[in-house]
Each structure stands twice: as structure tokens, then as C-alpha cells.
Amino acid sequence: MAAIAVYPGSFDPLTLGHLDIAARAAKMFDEVHILVVHNPGKTPRFSLEQRVSLIQEAIKGLRLRAGSKIVVATLPTGLLVDYSHRVGASALVKGVRTNVDLDYELPMARVNRDLADVETIFIPADPSFGHISSSLVKQVAALGGDVSKYVPAAVAQALKNS
Ligand code: PNS
């Protein structure tokens, strides 16, 4: 049976830190679903469809081990655990940069476990990506800064164009 994990987030937009977490998750799971979730608490810069297409472009550059694949999907509404159940995922994956991330993620992990007995696996962010966030990237790009060190090329281009 294939081991499936869901890696959820806003990904508005995907950063190199996100991409690293997805690639590392794909070393442990046969199938990783990068799930672009509508977070009602945030005003998005990119539509769900734009985010999906940027992620699809970015993952083309990954060299995955044989037998492993990354799927990109959206969750415009509904519970993450319901999506996870539908696709037969055994775990959720989250990247953690700092204790601030952990404080934010722990309650969600506990709620998801309460709701559907789904475990969350925390992957520590590579230190080279520890300071990168989608919001910082958007701010720097909006003010004319170069974000090409922080995001895949397609994302950098999309930020320039929008
Ligand atoms: O990148 P984000 O915005 O911090 O990701 C948060 C996200 C989308 C993972 C979280 O809001 C979420 O899981 N939303 C789906 C709705 C849900 O299942 N909520 C209850 C469990 S936290």
C-alpha cells in the first residue's frame, strides 16, 4: 500500500523553503499531496489556480526517487482531515522554521488528531530557508526587491508581473 502524506498550506506563493519540505517529504512517502488551502484568515495575492500552476511548474525541477510522486491539489473549502481521508493519507506534513511556527502548528496538529486521528509530522526547515516566508517575499517583491533567492523562478516572474 502506498504511503501518502498531505502537505497543506496557503502557498501564497510557494517559496524555496516550501519546495524543500515537499521534496524531503517525498523521500519518506510514496505520494505527497501539496494541498493549496483557502485560508479565510488571509487575503491572497494569487488565486488558488495560480498557486497550483506555480507549484506545478516548480516541482518539474525536482528529482524524486523512483516510485515517489508529488500531486498538487486545492481545498477551497472543507476540512483538511476530510481531504486526507478521501485520498487515503496516513499523515500530514508541516515545515517548522522556529518555535513561533511550532506554537502556531501544534494546536492545529492536535485538532486534526482529535478530529480524525491523523498524525502530523513536523519537518525542521533547512537553516538556509529558515528566514523565508511567503509574506516577506511578497513585501520585498512589492517594493521592487529581488526575491529570486527565495522563490522558484516562475514565482519570481509571477510576482514581477502582478
Ligand atoms: O499556510 P497557512 O495559511 O498557515 O496554512 C494553514 C492551513 C491552510 C494548513 C490551515 O488553515 C488548515 O488546515 N485549513 C483547513 C481547514 C481545517 O481543516 N481546519 C481545522 C484544522 S486546523
Side-chain angles (χ1 to χ4, degrees), residues 3-26 28-29 31-59 62 70-142 147 149-152 154-156 158-159 162:
I4 302 172
V6 177
Y7 174 31
S10 295
F11 303 111
D12 183 45
L14 182 88
T15 66
L16 291 178
H18 293 134
L19 195 57
D20 182 57
I21 297 294
R24 289 162 63 195
M28 296 183 279
F29 292 90
E31 209 173 293
V32 174
H33 291 232
I34 301 182
L35 187 65
V36 184
V37 181
H38 170 65
N39 183 343
K42 295 181 178 174
T43 306
R45 169 74 175 271
F46 295 102
S47 69
L48 289 178
E49 293 70 27
Q50 284 173 314
R51 284 178 257 167
V52 165
S53 110
L54 291 171
I55 295 169
Q56 274 165 342
E57 192 57 36
I59 63 173
L62 295 179
I70 294 181
V71 173
V72 189
T74 60
L75 185 68
T77 184
L79 285 173
L80 177 57
V81 291
D82 289 340
Y83 176 89
S84 305
H85 183 69
R86 275 201 299 280
V87 300
S90 54
L92 304 173
V93 164
K94 295 287 188 88
V96 178
R97 291 164 299 187
T98 63
N99 58 333
V100 176
D101 279 350
L102 202 55
D103 284 348
Y104 171 67
E105 295 293 348
L106 268 179
M108 291 197 275
R110 288 181 175 135
V111 166
N112 286 323
R113 186 157 170 256
D114 284 345
L115 287 171
D117 206 20
V118 174
E119 296 291 356
T120 300
I121 294 178
F122 294 115
I123 299 183
D126 187 279
S128 58
F129 301 125
H131 57 300
I132 304 173
S133 68
S134 298
S135 47
L136 210 49
V137 161
K138 282 183 281 194
Q139 188 186 112
V140 171
V147 292
K149 275 196 295 197
Y150 305 140
V151 294
V155 172
L159 283 163
S162 64

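These numbers come from a predicted model, not from an experiment. Atoms within a ligand are numbered from 1 in the order they appear, just like the ligands themselves.
- Geometrically, ligand 1 and Leu79 share no nitrogen or oxygen pair separated by less than 3.5 Å.
- Residue contacts with ligand 1: Asn39 is placed with a nitrogen or oxygen under 3.5 Å of a nitrogen or oxygen of the ligand (distance criterion only).
- Among Tyr7, Tyr83, Phe11, the single residue meeting the side-chain contact (heavy atoms from CB on, under 4.5 Å) criterion with Leu35 is Tyr83.
- Side-chain contact check for Leu92 versus Ser84: some heavy-atom pair is nearer than 4.5 Å.
- When the shell of 6.0 Å around NE2 of His131 is examined, it contains more than 12 heavy atoms from other residues, nucleotides or ligands.
- Using a 4.0 Å cut-off to heavy atoms of Lys42, the atoms of ligand 1 that qualify are 1 (O), 2 (P), 3 (O), 4 (O).
- From the protein, the heavy atom lying nearest to atom 21 (C) of ligand 1 is Asn112 OD1, 3.3 Å.
- Between the NE2 atom of His18 and the OG atom of Ser134 there is a distance of 4.0 Å, given to the nearest 0.5 Å.
- For the pair Val151/Leu14, no side-chain contact is recorded, criterion being any heavy-atom separation below 4.5 Å from C-beta on.
- We find that Asp12 and Lys138 are joined by a salt bridge, their nearest charged nitrogen and carboxylate oxygen being less than 4.0 Å apart.
- Remark: Phe46 CZ is packed, more than 12 non-hydrogen atoms of other residues, nucleotides or ligands lying under 6.0 Å away.
- For ligand 1, the atoms closer than 4.0 angstrom to any heavy atom of Met108 are 10 (C), 22 (S).
- In this structure, atom 7 (C) of ligand 1 is not in close contact with the protein, since no protein heavy atom lies within 4.0 Å of it.
- The ligand atoms of ligand 1 that sit less than 4.0 angstrom from a heavy atom of Gly78 are 16 (C).
- Salt bridge annotation for Asp20-Arg24: present, with a cationic side-chain nitrogen under 4.0 angstrom from a carboxylate oxygen.
- Heavy atoms of Phe11 stay at 4.0 angstrom or farther from ligand 1.
- Atom 18 (O) of ligand 1 has as its closest protein heavy atom Leu80 N, 2.9 Å.
- Scanning the protein heavy atoms around atom 4 (O) of ligand 1, the nearest turns out to be Tyr104 OH, 2.6 Å.
- Ser10 OG, 2.5 Å is the protein heavy atom nearest to atom 3 (O) of ligand 1.
- Below 4.0 Å from some heavy atom of Gly9 lie the following atoms of ligand 1, by number and element: 1 (O), 5 (O).
- Taking atom 14 (N) of ligand 1 as the reference point, the nearest protein heavy-atom neighbour is Val37 CG1, 3.7 Å.
- Side-chain atoms of Lys94 and Asp101, non-hydrogen and from C-beta on, never get closer than 4.5 Å to each other.
- The protein heavy-atom contact nearest to atom 9 (C) of ligand 1 is Lys94 NZ, 3.8 Å.
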